[in-house]
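Order of the sequence lines fixes the chain letters, A, B, ..., with proteins taken first and strands second; residue numbering starts at 1 for each chain. From a predicted model like this one, the values you see are computed outputs, not experimental measurements.
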Amino acid sequence: MSKQDLLSIVPLFILTSAAILILFSIAVKRNHKVIYGITTLSLLADIIFLAVAEGPATWTVEPLFIFDGFGKFNLGLILVTALAVTMLSYAYFEQREERKEEYYILLILATLGAGTLAISKHFISLFLGLEILSVSLYSMIAYLRKRERSDEGGIKYLIIAAFSSAFMLFGMALIYYTSGSMEFGAIGAYLSSLPELPIIMMAGFGFVVVGIGFKLGIVPFHMWTADVYEGAPLPVTSFIATVSKGGVVALLVRFYSQVNGYQYNSLVVIFTVLVIASMLVGNFLALRQHNVKRLLAYSSISHLGYILVAFIAGGSLGKEAVSFYLVAYFITTVGSFGILTYLSDKDRDAEWLDDFKGLFWKRPWTATSFSAMLLSLAGIPLTAGFVGKFYIVAAGVKGNTWLLVIMLVLNSAIGLFYYIRIIAIMCEKQGATDANPSTLRPSIYLISGFSVAVLTVALLWVGTFPEGLIGLIRSLLSP
Amino acid sequence: MILPGFIVSLMGGGILAWIASQKSLVLTRWISLLTVTVNLLGALVVWWQQPGVSSLWLLDYSIPWIPQFGISVHLAVDGLSLLMLLLTFFLGAIAVLISWKEIQNRVGLYHFCLLWVLAGITGVFLAMDLFLFFFFWEVMLIPMFFLIIIWGHENSRYAAFKFFIFTQASGLLMLVAILGLYFVNGNQTGNYTFDYFHLLEANIAPGVAMWLMLGFLAAFAVKLPVVPFHTWLPDAHSQAPTAGSLILAGLLLKTGAYGLLRFIVPLFRDQAMVIAPWAMAIGVFGIIYGAILAFSQTDLKRLVAYTSVSHMGFIMLGVFSFNELAAQGVVMQMITHGISTGALFILAGFIYERIHTRDITRMGGFWKSMPFLGACGLVFAMASLGLPGLGNFVAEFLTLVGAWQATHKFTIIATLGLVAATIYSLRILQKVFYGTQASATMLVDLSIRERFIMMALVVSIIWLGLFPQPILNTSKQPVKTILEVPDTARTKDKSMQIEIVSIQGKGGRYE
Amino acid sequence: MSNLLWLIPALPFAGSLILIVAGSKLPKKYVPLIGSGSVGVSAFITLLIGMEFITSESGSVIKQVLWQWIDVAGFSPAFGFHLDSLSLVFIFVITFVGFLIHVYSAEFMAEDEGYARFFAFLNLFVGSMLILVLADNLLLLYFGWEGVGLCSYLLIGFWYQEEKNGSAARKAFIITRVGDTAMAIGLFMIFKTMGTVNLVDIQGQATSVWTVGSYEVTLIALLLLGGAVGKSAQLPLQSWLPDAMAGPSPVSALIHAATMVTAGVYLIARTHVVFELAPTAQFVVGVLGAVTLLMAGFSALTQYDLKRVLAYSTISQIGYMFLALGIGAWSSAIFHFMIHAFFKALLFLAAGAVIMALHHEHDMFKMGGLRKKLPVIYWTFLIGAASLAALPLITAGFYSKDQILWLAWAGEKGNTWFFLAALVGAFITAIYTFRMVFLTFFGEEKTQVSHVPGSLINIPLIVLAVLSTGAGFIEVPHSLGHLQWFTDFLSPLLPITIIRPGIESTEWMIQLLAAGLSIGGAGLAYYFYGVRPSLHIQIKNAIPQVHNFLLKGWRFDSLYDWTFVKPFVYLSNVNKNDLVDWPFNALVTVAGFIHRLFAFTQSGILRWYLIGIVVGAILILTLGILI
Amino acid sequence: MTTIPAEYGLVLATVLFMLGLISLLIRRNIVFMLISVEIMLNAAGLAFIVAGSRWSQADGQVMFLFILTMAAAEVSVGLALILQIYHQLKTVNSDEASKMKG
């Protein structure tokens with residue numbers, strides 16, 4: 001291993017060591033604040049390292065990892081999002097009675113897994129990343145183990161994740177069986193020597209798609225999403241919605257482009273069907289949903305569909321669009337769940353629509369940022385979501401995937417309904433009597449509030465002046 | 001610098017008004033009134049100083065925004081935009097004034113929304129970059145949505161949703177079309193840009209162009225609205241607060257008409273000519289359909305809303321007649337309809353403030369207790385039925401004269417729409433002002449502020465009816481440019497030209 | 001002097017504006033001063049300009065362009081006035097009769113709470129009417145045309161608190177608007193072919209643009225005729241006028257007798273070039289006139305309401321004018337217009353005074369014996385009635401109507417049917433006119449007189465009575481001395497009617513016939529209503545259906561009600577909730593249904609979810625293998 | 001020495017995989033479901049070994065080791081969760097754990 005190799009995987013090291021450090025720290029003394037500090041600092045350090053570390057534009061750590069612009073970008077995105085989730089977690093868990101400290105270990109490990117996915121170029125690293133992520137998530141989802149729904153979510157996620165992992169592994173085995181390699185590039189090279197996709201290979205791809213589809217929560221592998229989102233503690237939900245999906249999207253894009261999946265009509269058709277189904281089913285499921293967590297879950301299904309529209313459209317613009325939309329979507333999703341977190345009290349999460357009644361008049365700022373988040377999800381200008389959607393439509397139009405573009409437009413229109421419904425409810429005149437549940441010092445909420453504010457500003461900033469972000473993505477993505 | 005100034009000042013004024021509401025509501029109202037008035041004066045100054053009719057673009061402002069996509073903040077004003085700006089600020093000021101007493105809760109937020117709607121509309125009228133245009137197109141909806149849902153009437157949620165989803169969904173189709181245009185042009189010229197002036201020269205294959213045009217048309221047709229897509233309008237108009245209805249009817253609908261003139265005709269001239277008979281047909285159908293529906297409504301605001309549907313049919317007819325007369329008529333129609341229908345909504349608002357109902361079966365005999373209101377109602381009912389001497393007549397007559405050059409049968413039907421307009425307009429007068437007053441309580445006639453508002457509207461509608469020429473002069477050059485077939489297009493496609501001739505020829509006979 | 005022309009319409013407008021803005025605050029005595037004063041000054045200026053016009057060389061016109069109204073792509077009507085002999089006659093009648101009616105109204109309306117409003121509207125009307133007749137282009141004419149329509153609407157519905165007044169006003173406006181629409185289309189056509197709407201240009205160029213009898217010009221003429229029949233209450237758009245009597249009597253006098261309803265006559269006379277190029281259309285004008293005059297005359301025979309008799313009589317008399325226009329007797333039509341304006345205004349004003357005197361009693365059968373109680377009114381009414389019935393030699397109506405009768409017989413475009421219609425019409429006119437007189441002023445007194453009119457009412461009546469008698473002498477037929485001042489005055493503008501050769505000698509026979517018929521009619525009326533009053537009741541009872549049919553104006557209202565109003569209202573009400581909304585709402589319902597369907601799959605059961613994944617896997621594999 | 005054709009191994013792995021799949025679908029008991037998943041994972045592992053042997057590489061076996069480790073981790077977490085579920089629902093019937101739906 002060369003020095004550059006080592007240097008490259010420092011981000012992973014930092015996370016690993018942070019996890020170990022927290023373990024030790026817990027062994028010495030349980031202190032939520034300290035652990036929280038360690039987590040935040042290590043994530044920050046990681047981000048800073050990633051930002052300042054110099055090195056070649058692309059560096060591969062054979063055979064497992066590749067550090068190119070796309071990988072770095074996604075890694076960075078995952079780390080930042082993880083940081084944001086951490087920020088939101090503190091107040092949330094501080095209210096709970098469970099032991100809070102191990103959560104951070106799991107969080108860091110899950111981030112590690114997702115990060116690994118983002119830079120992997122080999123089935124083994126893929127598998128490891130995926131499983132580190134998954135296993136951590138099982139525990140995270142069921143973390144508030146006294147809550148029935150938490151456990152239910154955990155077990156559902158576990159069984160389904162393992163089930164789909166099995167599919168994916170079997171698929172990888174089939175691919176390996178045919179091509180003789182587990183490295184994406186080599187598989188691509190093997191395939192390019194063949195006139196068409198061998199049937200076993202095809203089956204392998206199909207099984208891998210099942211696994212990936214599960215993680216992304218696209219139709220028909222989406223059914224767990226709502227239950228898990230609902231059952232999991234809010235910060236975890238936001239983590240699942242963002243980091244875990246982001247890593248897999250990065251992986252999918254890399255894998256697909258390396259094996260050059262665009263040339264296989266059947267794959268394109270499969271994805272097209274899945275994407276259209278995701279958009280439609282997600283939106284229709286969300287349409288009259290009364291539980292905001294579930295609603296956001298269903299909306300995430302359709303949003304993944306939107307992202308994959310750009311993915312199918314392909315090309316450099318498609319890749320950019322995916323990256324950009326991920327950013328926008330992450331900001332928005334973390335922001336939305338952050339607001340839910342912010343509004344949650346000791347006993348239960350703020351998740352029913354009734355909890356938001358008259359929010360505009362009770363907590364105008366919170367409501368305003370939540371509206372901004374929802375409008376961003378709906379793709380309304382002045383928000384990042386709009387530019388993101390614009391980007392995707394641009395990619396779709398450029399790639400001539402008209403069917404998908406039209407479906408996207410149609411679905412955006414359907415989606416409008418349930419987003420603005422929440423806003424409408426927040427505007428309603430009288431609210432339920434506010435029992436003022438915050439039993440903690442207000443200063444604790446400061447962090448959450450601050451994070452939400454930062455996210456809102458970022459949302460609006462990216463929505464109004466996307467130039468910088470687009471420039472960054474372009475510079476990283478262009479070889 | 002004055003062009004971005006318009007938009008920024010409105011946005012800034014909105015924020016300022018919101019902040020000021022913490023201290024004093026009166027201050028909030030004054031801030032927003034002042035902001036709009038200053039803008040109105042600014043626009044008037046631009047109008048005053050315009051260097052004759054010869055130069056098309058009076059002001060131009062451009063800075064890059066998202067250079068990666070060739071998007072810039074490109075604002076420019078020609079006569080057409082200028083007129084629309086004047087209308088926007090004029091009605092904007094009136095909207096602030098009518099809200100003075102009507103809005104008593106969450107005043108700061110209200111004025112914020114109001115000014116931001118105006119900012120969005122201003123942006124739509126100024127944007128010369130298609131992305132920017134779309135941006136503003138969508139931006140104006142959100143504050144409008146809030147205006148309807150927070151300060152609206154009993155069924156405001158349904159109305160707001162309908163409004164929002166209709167306009168958004170159609171807007172997205174336009175986005176797709178804009179992007180299509182962008183890439184078609186970019187692939188051809190290598191210059192990927194959203195700039196209007198560049199895209200004007202795009203050379204698009206007819207089949208593609210048709211689809212692109214339909215995308216644009218979807219957005220404009222819903223906004224205008226054209227008949228099968230009009231159903232959001234009666235709900236939104238009747239549920240919105242008075243200022244909301246005023247802005248909806250007076251300005252928001254005009255963005256659709258403006259879009260037809262600014263984008264559909266110059267960008268997709270040939271395709272627009274192909275669909276012109278259909279477009280005119282549904283326009284004319286809308287005239288009659290809206291008028292018939294208006295007649296049976298019992299909700300005063302809903303009634304007026306349907307008259308809007310009817311009047312907007314003239315715009316479809318005029319735009320797709322492709323001649324200067326009709327197009328100038330359309331421009332006049334945009335302005336005069338904004339004023340007259342806005343005024344009718346304001347009247348409905350005044351009445352609502354007094355008797356707390358919009359049901360015309362519970363009105364009657366108001367002439368006795370509120371003669372001033374009655375006189376104003378008379379003026380605007382007459383404007384609505386196209387009485388000469390009031391601005392709407394000039395608009396509709398020009399449109400019809402122009403349309404006659406293009407099509408006979410549609411023009412005849414549209415002219416019959418004038419009869420229908422008479423029927424519903426007189427019904428308003430009959431039900432509201434004639435007869436005996438149902439309730440025994442004496443109603444107070446308009447206050448000084450209300451009188452001022454009405455006088456401003458009455459004077460302007462009469463002025464437009466008697467001296468429309470300054471307006472027509474201002475819009476003359478832009479309209480000509482929009483209609484003019486550029487030299488390149490003339491030689492570009494001979495067969496298309498022949499087709500146009502045959503279409504026109506078809507309309508030339510007496511049918 | 002001639003550049004004061006603009007003041008003629010401007011003054012009434014100014015008066016109206018003052019009254020609208022400040023009317024309610026002005027002391028009551030200033031209101032009629034402003035109202036009548038403005039029209040009075042206009043009349044005075046008209047007199048001055050008229051003098052100048054007459055003394056200047058014949059054929060000259062006075063033009064005055066105030067400002068360019070619209071100028072778009074060649075469509076450039078100006079706000080410009082054009083005074084020639086035809087307009088002069090009209091503005092003379094409008095301002096003078098208008099002034100007299102204003103004066104009359106000052107007393108007549110004095111008790112009404114809408115005093116200022118009344119004068120404001122009346123002034124507005126006079127202004128609009130003046131614009132109509134002074135306009136130098138068709139669009140400005142249309143401006144005035146619609147303006148008078150508005151005022152008519154406002155004044156019919158002047159007593160707005162009564163539901164039926166409002167309905168009558170609406171009916172008037174809407175029906176005339178139907179005609180206006182036709183006229184507007186005619187305007188479009190004229191502009192398209194001629195590129196101008198200027199009246200002088202049209203007059204000058206028409207013959208070079210169209211050949212005689214061409215399809216296009218006929219269509220244009222018919223469309224213009226459409227406008228004219230609407231405004232002038234001719235068949236088939238006549239049904240609004242009787243209802244329009246809901247307005248105050250001065251309004252009926254000014255608008256629905258003297259001026260506005262003759263706008264159609266003006267329009268056709270003004271565009272006579274077009275009609276001359278379209279003989280078919282011109283013939284239609286004549287036919288409509290002839291039929292209308294008969295139908296309205298028969299209806300007038302049966303009415304109970306004093307004002308409705310006059311209304312039908314107005315329709316009938318305008319029918320005469322149309323008949324005259326139809327046979328190319330242009331100046332006769334205008335002459336009859338003028339005379340009609342005098343006597344019909346007189347009759348309406350007198351009727352108004354009667355009605356006021358009898359506490360708003362309109363029914364003639366409840367009147368009677370008023371000749372002693374209201375002598376001034378009796379005598380003036382009698383003079384007016386005589387003029388209307390065209391009693392020979394002494395009345396102006398005789399001279400004007402005789403001219404039409406004669407030309408219908410002798411004119412090149414005349415024919416026997418026209419002549420017969422006119423003749424029968426004259427007979428009926430005499431009957432219903434004197435039926436009125438006998439019922440109202442003779443017999444026993446049935447209702448108490450409560451209000452004896454004062455001088456402000458009497459003076460206008462007297463002036464009009466003088467005019468109704470004396471004005472006829474400016475145009476005396478051949479057989480009686482041959483005087484043609486009026487025709488000569490109009491002749492540079494309106495061509496003289498050509499008379500079939502070798503027919504002049506029969507003129508005295510025609511006159512004798514007409515005179516005999518009118519006297520006979522009056523006598524018949526005397527027999528029925530003076531000598532044997534029970535007879536007409538017997539007749540009525542013998543043929544009640546016919547009576548009712550005529551009473552209801554040939555049931556045109558029911559016809560239109562069934563063919564237009566009811567279907568429209570039905571259509572409107574049936575679609576009140578907008579059917580177009582239905583598919584959109586259905587879409588919402590369907591979306592909700594799909595939502596429930598999908599939500600059903602989210603059963604919360606783990607195995608269900610697993611099956612979902614398996615199904616997905618199978619789907620993917622199938623797709624992958626199939627494609 | 002006669003070698004077993006690689007396809008046979010693959011078929012075996014597939015059959016194993018299907019068995020696991022079917023048993024997963026028909027079982028209600030969460031413990032059995034967990035076991036079924038393990039069978040499926042092992043089937044995948046077998047497939048890896050077959051593939052590795054086909055190409056005479058150690059990679060397949062490496063992968064199998066990872067799969068084993070992962071499966072162990074998964075089972076441990078899974079059993080813990082099942083305990084919790086049993087604690088709350090007094091059953092290990094997966095159909096009972098369906099409080100969240102819609």
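The neighbour count for W67(C) CH2, taken as heavy atoms of other residues, nucleotides or ligands under 6.0 Å away, is above 12. Enclosure of atom CD in Q68(C) by more than 12 non-hydrogen atoms of other residues, nucleotides or ligands within 6.0 angstrom is indicated.
In this structure, chain C has no heavy atom under 4.5 Å from any part of V219(A). Looking at F417(A), there are no atoms closer than 4.5 Å to chain C (heavy atoms on both sides), in backbone or side chain. Residue Y264(A): no heavy atom, backbone or side chain, is found under 4.5 Å from chain C. Within the 4.5 angstrom heavy-atom criterion, atoms from both the backbone and the side chain of F221(A) approach chain C. For L610(C), the parts sitting under 4.5 Å from any heavy atom of chain A are the backbone and the side chain alike. With a 4.5 Å cut-off on non-hydrogen atoms, Y298(A) touches chain C through its side chain but not through its backbone. For L274(A), the part sitting under 4.5 Å from any heavy atom of chain C is the side chain, from C-beta outward, and nothing else. For I270(A), the parts lying near chain C are the backbone and the side chain together; criterion is any non-hydrogen pair under 4.5 Å.
Shown here for M223(A) and Y609(C), the closest heavy-atom pair between the two residues is O-CE2, 3.3 Å.
Listed options L287(A), V269(A), I414(A) were ranked by heavy-atom pairs under 4.5 angstrom with chain C; first place goes to L287(A). Of the listed residues (R294(A), Q289(A), R288(A)), the greatest number of heavy-atom pairs within a distance under 4.5 Å of chain C belongs to R288(A). Ranked by heavy-atom pairs under 4.5 Å with chain C, the list A203(A), G213(A), A226(A), S266(A) is led by S266(A). Between chain C and the options P220(A), A277(A), G206(A), S164(A), heavy-atom pairs under 4.5 Å are most frequent for P220(A).
The CD1 atom of I620(C) sits 9.5 Å away from atom CZ of F207(A), with the distance rounded to the nearest 0.5 Å.
Within residues 571-607 of chain C, the residues that have a heavy atom under 4.5 Å from a heavy atom of chain A are V588(C), A591(C), G592(C), I594(C), H595(C), F598(C), A599(C), T601(C), Q602(C), G604(C), L606(C), listed by number.
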